[in-house]
Amino acid sequence: MGGIFAAISKSSENTVPIVIEGLRRLKYRGADNSGIAVLLDGRIEIFKEAGSIEAVSAKLGLENISSRIVLGHTRFATHGRPTVENAHPHTDCERRIAVVGDGSLSNYEDLRDKLLMEGHKITSRSDFEVVAHIFESLLNKEYQSSEFLKEIYSKMEGYFSFAVLEAEKQRIIATTNGPKLFYGLSDKYVLLSSSQYALHGFADQYGELSPGELIILSKDGPTIYTSEGLAKQVQSLPLQLDPILVEKGGYKHHMLREINEVPEALLRTLSSVQKRYLNLAGRLVTGADNIYIIANGTSLHAGMIASYYFSELAGISPIVTSAAEFPLYYLENVGPGTLVIAISQSGETGDVLSSLYEAKLRGATILGITNYVGSRLARLSNLYLPIAAGPEIAVPATKTFTSTLQVLYLVALSSSRQKGKIEESEQKARLEAIKKLAQSLDERLAFIDSEATKAAEKISLCRSGYVVSRGLTYPLALEGALKLKEASYFHAEGVEAGEFKHGPFVLVEQGFATIFIMPVEKVSAEATFPSIEMARQTGATVVVIGSENNQKLLELSQDGVTTIRAVETERHLAPISLAVPLQLLAYRLGEKLNRPIDTPRHLVKAVTQ
Ligand code: AGP
């Protein structure tokens, strides 16, 4: 994930300060690196560094630079660590163009190898540097032609948008196949931004680029071409935004924005995890004598769900444990044949890191899974895979949970494939199912939110509650209870459905909330119905979360039970789909109870000690 912001002055006004402010507003999209490309005497000059735009600006003295055409970028590192080389903008071999991008290229490694063979000078590990070199060979082509776009889109795979500053023609060209890109217009400027909110104060009108379209921005304004190469009338809307929402990309809380980013994060994750590293990860899993999955909190819940993936898809049963417990109870069996799969969103959690030191001392191999490729976890791992969900600012983890589940699922599929348990066609079909889920989730999120809001109203009248499920979705019950505590200070416990009648039921009565996550398997769901009925009969507040086409869910809803209908998907992806209503429920309850949702008391985003 990254943020693109560009400005062209219609006169000779300096636009560097506008781009700096635009990038500052996009910081929530990542600030591992920042940089700008400007035109000085007709030549491209690049100013970039590690750190946020404010830090980079102070370090490089950007306030002393003046240019009427500026292309800027703020970066969340997914390919290549947050070093100055990997910072955008990137240039071609002759420095005739500068490129910035958002998203990632899933065929990056192959493109890089090919370009190096052709003699291009590639100096970074950032995937968007290859875009600059691909563009090099296309410089004299007609950009607006459908052939040009076809060529671009046939070469590059993944989920990405990018913008190119062309020195000779003094213009900026941009396209997207998914990540949002907006243009902004005023009497003075022509602008480009990853979020319409960052345009506030600089543009009066704005519009959004559709996937597959190409925009050319110059001082005369924008021209847009469809994927068929046809010029399209530029349509714009008045830019009327609530300035209070500018810093959080249009949302009241980071948590709400991050839940709304779940579908997009799934696509970003899918295109960021490179095939060759997944194959390697699969080989580590299938070749290990014994496997531990270690993590804390939400990452631990993802690891618990992954143990079902590995067992069902690859016939491998890892031991899943809290990273805080691992060095106390499990080191005896750790040796050179051991694989430790360490999951940490931040990559800086103290318990995870100290467990890794112990495991490494005993010769274990480490497969790290982290959202921060510059983290200590990434550096300590023999192999790491990026979660690539984009920065997560709210303390309650949401989109990183669903994307972590996805990475673990991909590793399990790779292991399964290597053990000959599934065909390549099945592996591909399962990847397609992820894309379909992301799309359906995107379409249905507002509806799920409205149901979660109603459920939160009811739960707000209760003093305490359970989240109940079984099997693949039992760890989700634990995760739901954790989210409720963090976002709304509501006391909740995760309960295994089979254990419900063996004790926990004693507390269930009027004023007590029982939130059931309907298990995805028919038999398991049926085995859970009696517990739902038992809870209803006590007069407790009952909420049932399940897949939209689940017959029992429909019946319960017709019978007056509060339900939240999640997106229907295939069984192994159900924990991802069902996590979203739970996250929204916790968020809406926190909002109703006026809690400090993004920064709950006593908690920090990364527990480093
Ligand atoms: C999640 O909502 C919590 N804030 C917390 O449990 C967190 O998941 C845990 O501290 C682990 O963090 P990590 O993934 O960065 O290692």
Side-chain angles (χ1 to χ4, degrees), residues 280-372 375-385 387 397 400-401 404-405 407-412 414-416 418-419 471-472 474-479 481-482 493-494 496 499 575 606-609:
L280 260 177
R283 248 180 272 153
L284 290 181
V285 170
T286 52
D289 294 338
N290 58 344
I291 303 176
Y292 292 94
I293 298 181
I294 63 162
N296 297 104
T298 292
S299 295
L300 177 61
H301 299 147
M304 290 168 78
I305 293 171
S307 71
Y308 287 87
Y309 294 163
F310 285 112
S311 149
E312 292 176 14
L313 291 164
I316 291 166
S317 302
I319 294 174
V320 187
T321 177
S322 157
E325 306 296 299
F326 177 76
L328 302 175
Y329 300 104
Y330 294 91
L331 290 180
E332 234 163 68
N333 294 325
V334 176
T338 302
L339 175 68
V340 174
I341 303 179
I343 312 165
S344 172
Q345 181 283 132
S346 61
E348 298 292 346
T349 295
D351 288 331
V352 175
L353 296 177
S354 43
S355 291
L356 288 194
Y357 288 121
E358 296 293 342
K360 282 189 93 154
L361 273 179
R362 286 160 181 78
T365 301
I366 314 295
L367 168 59
I369 295 175
T370 180
N371 205 26
Y372 286 90
S375 64
R376 278 188 288 169
L377 171 58
R379 290 200 297 273
L380 281 171
S381 301
N382 298 87
L383 173 69
Y384 71 83
L385 296 174
I387 294 170
T400 55
F401 174 66
T404 301
L405 277 177
V407 175
L408 290 161
Y409 181 56
L410 295 177
V411 177
S414 169
S415 316
S416 176
Q418 282 174 36
K419 285 193 99 183
L472 188 62
Y474 167 60
L476 209 52
L478 301 177
E479 175 58 13
L482 175 62
E493 275 181 60
E496 207 154 26
E499 294 300 312
V607 185
T608 53
Q609 299 289 319

Report task. Look up atom CG in Leu280 and atom CG in Leu383, then write down how far apart they are to the nearest 0.5 Å. Result -> 5.5 Å

**Report entry** Contact check, side chains of Leu380 and Leu353, non-hydrogen atoms, under 4.5 Å
**Finding:** yes

Report summary line: Heavy-atom nearest pair, Tyr384 first then Ala378, reads CD2-O, 3.6 Å

Query raised in the report: To the nearest 0.5 Å, what is the distance between OG (Ser355) and NZ (Lys360)?
Result: 13.5 Å

Requested in this report: Could you tell me which non-hydrogen atom of Asn296 sits nearest to which non-hydrogen atom of Ala323, and how far apart they are?
Outcome: OD1-CB, 3.5 Å

Query raised in the report: Say you draw a straight line from CG of Leu385 to OG1 of Thr404; how long is it, rounded to the nearest 0.5 Å?
Result: 11.0 Å

Query raised in the report: Does the side chain of Ser322 reach to within under 4.5 Å of the side chain of Asp351, using non-hydrogen atoms?
Result: no

**Report entry** Straight-line distance of Leu284 CG to Ser414 OG, nearest 0.5 Å
**Finding:** 9.5 Å

Report summary line: Closest non-hydrogen atoms of Ala359 and Phe326, given as atom of the first, atom of the second and distance, are CB-CE2, 4.2 Å

Report task. Decide yes or no for His301 and Leu476: does some side-chain heavy atom of the first lie under 4.5 Å from some side-chain heavy atom of the second? Result -> no

Requested in this report: Give a yes or no on whether the backbone of Ala412 and the side-chain of Ser416 come within a donor-acceptor separation of less than 3.5 Å.
Outcome: no

Query raised in the report: Okay, side chain of Thr400, backbone of Ala397: is any donor-acceptor separation there less than 3.5 Å?
Result: no

Report task. For the pair Glu348 (side chain) and Arg376 (backbone), establish whether a donor and an acceptor sit closer than 3.5 Å, ignoring hydrogens and angles. Result -> yes

For a quick test of your reading: what N or O donor-acceptor pairs under 3.5 Å do the side chains of residues 329-345 make, sequence neighbours left out?
residue, atom, partner, partner atom, Å
Thr338, OG1, Asn290, OD1, 2.8
Thr338, OG1, Asn333, O, 3.4
Thr338, OG1, Gly335, N, 2.9
Thr338, OG1, Gly335, O, 3.2
Ser344, OG, Ser346, OG, 3.4
Ser344, OG, Gly347, N, 2.9
Gln345, OE1, Asn371, ND2, 3.4

Show which side-chain atoms of residues 309-319 pair as donor or acceptor with protein atoms under 3.5 Å away, not counting sequence neighbours.
residue, atom, partner, partner atom, Å
Tyr309, OH, His572, O, 2.7
Glu312, OE1, Arg571, NH1, 2.5
Glu312, OE1, Arg571, NH2, 3.4
Glu312, OE1, His572, NE2, 2.8
Glu312, OE2, Arg571, NH2, 3.0

Query raised in the report: Side chains of Leu408 and Ile369: does their closest heavy-atom pair fall under 4.5 Å?
Result: yes

Report task. Would you check if the side chain of Ser415 reaches a backbone N or O of Val411 as a donor-acceptor pair within less than 3.5 Å? Result -> yes

Report summary line: Minimal heavy-atom distance between Ile387 and Val407, with the atoms involved, is CA-CG2, 4.0 Å

Report task. Measure across Ala364 and Asn382 and return the closest heavy-atom pair with its distance rounded to 0.1 Å. Result -> O-OD1, 4.3 Å

Report task. Please name the pair of heavy atoms, one in Leu472 and one in Pro575, separated by the smallest distance, quoted to 0.1 Å. Result -> CG-CG, 3.8 Å

Query raised in the report: How many angstroms lie between atom OH of Tyr357 and atom CD1 of Ile366, to the nearest 0.5 angstrom?
Result: 11.5 Å

Report task. Would you check if Leu478 and Met304 make a side-chain contact, meaning some heavy-atom pair closer than 4.5 Å? Result -> yes

